[in-house]
Amino acid sequence: MTAFLTLDFYAAFACYLIAFAAVLRYLAKAESSALALAQWASVAGAVLLGIAFLARWIDWEQFPASGSIGLVLMLVMLTTAVALPVVLTGSVRALLCFYVPPLTLLYALAVAISLTRSEAFLADPPPEELNGTFLTIHVGLAFFSYALFLVASLTSVAYLFQARHLKRRHVTPLFHRLPPLERLDRTLLRLIAVGYGLFGITLVLGLIWAIRNEELLDERWFVSTKILRAAAMVVFYAIAFHGRQIGWLRGQKLAYVIFIGFTGLMLIYLALGIANYSNLNFLRASL
Amino acid sequence: MSFTATGLNHRTSPIELREKLHFDAEALPSALQHFKKRIGGGVVVLSTCNRVEVYANAPGLADEVHACVRECMAERQGVSPDQFNEMLYEYADRDAVVHLFRVASSLDSLVVGEGQILGQVHDAFLAAQAEQATDKIVSGAFQRAFAVAKDVRTNTAISEGKVSIGSVAVDLAVSIFMDLKAKTVMIIGSGEMGEQTLKSLTSHGVGHVLLVNRSPEKARALAEQHGGEAIPYEQLASELHRADIVISSTAADEPILGYPEFQAALRERSQAPMFVIDIAVPRDIDARVNELDNIFLYDIDGLRQVAEENMEARRNEIDRCMKIVDRGADQFMRWFHGLLAEPTIVSMAEELNTIREQELGKTLKVLTDLDPKAREEIEYLSKRIVNRILQRPMAQLKREVNEDDPHNVLHLVKRLFGLQESK
């Protein structure tokens, strides 16, 4: 199984690298066929990751993402799954220029972690105590929300690119192939609306699980970094969503807020992870 | 056999001459029959406002075909050859194919990358087919031209971005709004360019038109003309929020709309984007309006800048397009030369088989005591020897016609094997 997963891990990485190279080729040569290749390569990469997670799910009989590599790649796979319908619905493959490079970089980060820490892909299952359908749904929904937020953040970059070109009266082949600003704005709204809704449900489910399993948690779990981070995220997207609904945040302003906000939250997440504070005061020390 | 292109276009000849040589839809069928009869091969006539060209595949040398086309053009259109001989371009074989592919891909057009020419080439080909004026070579060349043109349009940015002021405005509107049908355009003033831009937008289905003019009568007249709603000039600022697209072209000496008016309009519209086109000189709208989020202001220089950038981008794509054209021409020429070599290969095979049959007959006449099975074996042996002998020269001939002048190669082979005219 480990050999299969390692092979799958690198095969999927190769697919994302091909997609990345195809995007670069498109940006240099404006060839539509390069974008078609980028699309199929990223689909292949996501499918390969999906096969690995499915195999692990069957093997472990619980949520298959474990360790930093597994979590990063779960985000890559789900983000690809969210991004592709956005691209296909509007027949706007040019959006892949904004989606594929960050996903490939995220994947490269996972590969780097694997090589530097000699950590295998999906090597160990999560602790037995964190098993169960309830928690699987909670974690799955959380990741799906993160994927929606990541796609929203990348779409906001596309919006800013398009708006900047329009403001400066400067056009490029990529400008011509991107969807209208209005469509990007609506896509942003839908992504954050669905993401915000799902993340809200995720938090409620998490809260129910925490109350039921208080013996697993630290006494001050409700002020743990994990809970504070989640609360910050839900507050941020509540402001973005309702701000857009009342017209207070729209167009460029919304795009800036979404991009800076998501990047900021991810940087905080990363910083806590590096400092080993991701779950500070959350689980009991024995876990 | 030569594939040729003979013609003149917007670069080589004045419009007056092109008008005289133009073949309209009614005259085209008889002209095609005339050309076909005189040239004795396949022919397509491409006649548009920018070019008159005759593509032909005919027996004989290219110069003879060109001369024949010149004469036919002069006869048909009643124009002396002296009037246009010097303006004609004449291409043969690969050059003619490359020219056809360039034309179909819109690389030879007045506005490089425009999409109309491909349809015109297609229509010209269909007209020739309807008159049964095409042959295998001409059909092959045009089919390949369509494939090359599609490849060029799909895999390069040659046709991206509009290059006229009116269409640039529409292009930019489409880059901002999802559906123009659901949008409202406000036109302020009655300048000619403003009206042209409005026409471009309404032809793309803009839903509702608001017309503002200092003269209420003129506003009402324009509203009737464009099926819109007249707005009194005094209400311009208060009605501004209703417009998604604003076109201003008044003769005012100073700006009529500024930052505060648009700021208020945006607030009214819940910050929904606005596209503002100021075509007036001096400008009607304060340039600072472009600093507002969700407002995209273009003056005449801004539109021109985009048009020029688009044109420049198209020019920069020409080299890449030419690579696709060259690749397509190479593929076509390989096929074409293969067809040219076919009759010679058939003649070679026939010649050797005739010799084989003669010599076999002589031998079998001497070997009278052979049983039928042995006779059959000897005949089979002779066929195998001939086929083995032919195998290498035939393959080499197919290669040579693509690497050297095919006419010279075929001529040499005919002389070597003592072959007569191709069958």
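Quick caveat: nothing in here was measured; it's all calculated off a predicted structure. Letters A, B, ... are given to chains in the order of the sequence lines, protein chains preceding strands, and every chain is numbered from 1.
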So, taking the atom named CZ in A/Arg169 and the one named CG in B/Asp299, what distance separates them when rounded to the nearest 0.5 Å?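 Result: 5.0 Å between the selected atoms.
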Q. How long is the span from the CG atom in A/Leu166 to the CG atom in B/Leu297, to the nearest 0.5 Å?
A.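 Between atom CG of A/Leu166 and atom CG of B/Leu297 there are 12.0 Å.
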Is it the backbone or the side chain of [X] that comes under 4.5 Å from a heavy atom of chain A, or both, or neither?
X: B/Arg269; value: backbone
X: B/Ser175; value: both
X: B/Glu317; value: side chain
X: B/Ile158; value: neither
X: B/Ala272; value: both
X: B/Val174; value: backbone
X: B/Asp171; value: side chain

Shortest non-hydrogen contact from A/Ser32 to B/Asn155?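 Of all heavy-atom pairs spanning A/Ser32 and B/Asn155, the closest is N-OD1, 3.5 Å.
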B/Asn294 versus A/Gly251, closest heavy-atom pair with distance |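 Scanning both residues completely, I find the closest heavy atoms to be OD1-CA, 3.4 Å.
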Review point. Checking heavy atoms, do the side chain of A/Tyr159, its backbone, both or neither come under 4.5 Å from chain B?
Key: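 Just the side chain, heavy atoms under 4.5 Å.
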Between B/Asn310, B/Leu172, B/Leu303, B/Thr156, which has the largest tally of heavy atom pairs under 4.5 Å with chain A?
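Counting heavy-atom pairs under 4.5 Å, the top option is B/Asn310.
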- Query: So do A/Asp185 and B/Gln271 actually touch side chain to side chain, heavy atoms under 4.5 Å?
  - Reply: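 No; the side chains remain at least 4.5 Å from each other.
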Quick one: of A/Leu181, A/Ile246, A/Leu249, who has the most non-hydrogen atom pairs under 4.5 Å with chain B?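 It is A/Leu181.
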Ignoring hydrogens and angles, tell me if any N or O in the side chain of A/Lys167 forms a donor-acceptor pair with the backbone of B/Ile295 under 3.5 Å.
->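 Flag set: sc A/Lys167 to bb B/Ile295 pair under 3.5 Å.
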Original post:
Within the distance-only criterion (no hydrogens, no angle test), does the side chain of A/Glu182 pair as donor or acceptor with the backbone N or O of B/Met178 below 3.5 angstrom?
Top reply: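 A pair under 3.5 Å: yes.
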Salt-bridge contact B/Arg320-A/Glu31 (side-chain N to carboxylate O under 4.0 Å):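 Result for this pair is yes, salt bridge flagged.
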